[in-house]
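Quick note: numbers below take in every heavy atom, side chains included, and nothing from hydrogens, waters or symmetry partners.
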Amino acid sequence: MSEVEANPQTVTVKLSTPIRRKGGDITEVTLRKPKAGAMRGLKIEDLYSTDVNSLLVLLPRITEPTLIAAEIEDLESEDLIELAGAVKGFFMSAEMKAAIREAFGGSKAVGGA
């Protein structure tokens, strides 16, 4: 589930299934709001529509710890959806985020809001 941090430029996602990595499993991933350079070669509409191929390119550029493509490809679907939702949230206006919170009874964290 996504959790909004104090810095609205980042979102931390707790993974339902840890990523196995030498040196220790990864149980949560922090995403930074992408700047233009991180989106180089990608279409914003593909990112907003959560296109998996675009996410495979973008996520290694904005995750901490940095995920590699093979780790992203091996994610459980629910974890990929959480990461995709966080990315989509970076492109939403404050009004859109407020409308989503209201629709979910004010309890749903929406990418950076």
Side-chain angles (χ1 to χ4, degrees):
M1 176 178 290
S2 298
E3 178 181 304
V4 178
E5 294 187 339
N7 180 354
Q9 299 297 306
T10 64
V11 174
T12 299
V13 175
K14 294 180 192 281
L15 302 174
S16 64
T17 302
I19 296 171
R20 304 285 180 218
R21 185 183 273 186
K22 187 176 181 179
D25 294 349
I26 299 169
T27 59
E28 63 180 34
V29 178
T30 300
L31 291 84
R32 292 181 310 281
K33 184 175 183 179
K35 295 190 178 202
M39 296 183 290
R40 190 176 51 255
L42 300 171
K43 294 179 182 176
I44 291 175
E45 60 264 19
D46 289 344
L47 292 171
Y48 191 75
S49 67
T50 62
D51 175 71
V52 173
N53 290 318
S54 294
L55 290 169
L56 287 170
V57 173
L58 179 66
L59 288 173
R61 299 175 182 177
I62 65 167
T63 54
E64 180 60 41
T66 302
L67 301 182
I68 61 171
E71 291 170 330
I72 298 166
E73 290 173 359
D74 200 37
L75 286 171
E76 294 294 332
S77 57
E78 61 268 23
D79 289 330
L80 180 61
I81 290 168
E82 285 289 332
L83 293 170
V87 169
K88 187 171 186 169
F90 288 132
F91 298 101
M92 297 174 123
S93 67
E95 293 81 14
M96 292 171 77
K97 292 175 188 178
I100 291 171
R101 276 194 305 275
E102 184 176 319
F104 284 95
S107 62
K108 178 90 172 148
V110 181

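- Val52 and Ile72 fall within a single hydrophobic cluster, where Ile, Leu, Val, Met, Phe, Trp and Tyr side chains are chained together by heavy-atom contacts under 4.5 Å.
- Side-chain contact between Leu15 and Thr27 is absent, with no heavy-atom pair separated by less than 4.5 Å.
- Taken to the nearest 0.5 Å, the CD atom of Glu64 stands 11.0 Å off from the OG1 atom of Thr10.
- To the nearest 0.5 Å, atoms CG (Leu80) and CG (Asp74) are separated by 11.5 Å.
- The side chain to side chain contact (heavy atoms under 4.5 Å, CB included) test applied to Ala99 returns no partner, not counting sequence neighbours.
- Within the 4.5 Å cutoff, no side-chain heavy atoms of Leu47 are placed close to those of Phe90.
- In this structure, Leu75 and Ile19 have side chains that are in contact, with non-hydrogen atoms separated by less than 4.5 Å.
- For the pair Val11 and Val87, the minimum side-chain heavy-atom distance is 4.5 Å or more.
- Between Arg61 atom CZ and Lys35 atom NZ the span is 15.5 Å, to the nearest 0.5 Å.
- Between Pro60 and Leu55, the shortest heavy-atom contact is CD-O, 4.1 Å.
- Thr30 contributes atom OG1, which lies 11.0 Å from atom CD1 of Ile62 (distance to the nearest 0.5 angstrom).
- Closest heavy-atom contact between Asp46 and Ser54: CB-OG, 3.3 Å.
- Smallest separation of non-hydrogen atoms from Pro18 and Asp25: CB-CB, 4.1 Å.
- Annotation: side chain of Leu58 is in contact with side chain of Leu42 (closest heavy-atom distance under 4.5 Å).
- Counting heavy atoms from C-beta outward, Leu67 and Arg21 have side chains that approach closer than 4.5 Å.
- The distance from atom CD of Glu76 to atom CD1 of Ile81, rounded to the nearest 0.5 Å, is 11.0 Å.
- Here the CD atom belonging to Glu82 is positioned 11.0 Å from the CG atom belonging to Leu31, to the nearest 0.5 angstrom.
- Taking a 6.0 Å sphere around CD1 of Ile44, one finds it holds 12 or fewer heavy atoms contributed by other residues, nucleotides or ligands.
- Considering only heavy atoms from C-beta on, Met92 comes within 4.5 Å of Ile100 through its side chain.
- Among all heavy-atom pairs drawn from Glu71 and Thr66, the shortest one is OE1-O, 4.2 Å.
- Side-chain atoms of Pro34 and Phe91, non-hydrogen and from C-beta on, do get closer than 4.5 Å to each other.
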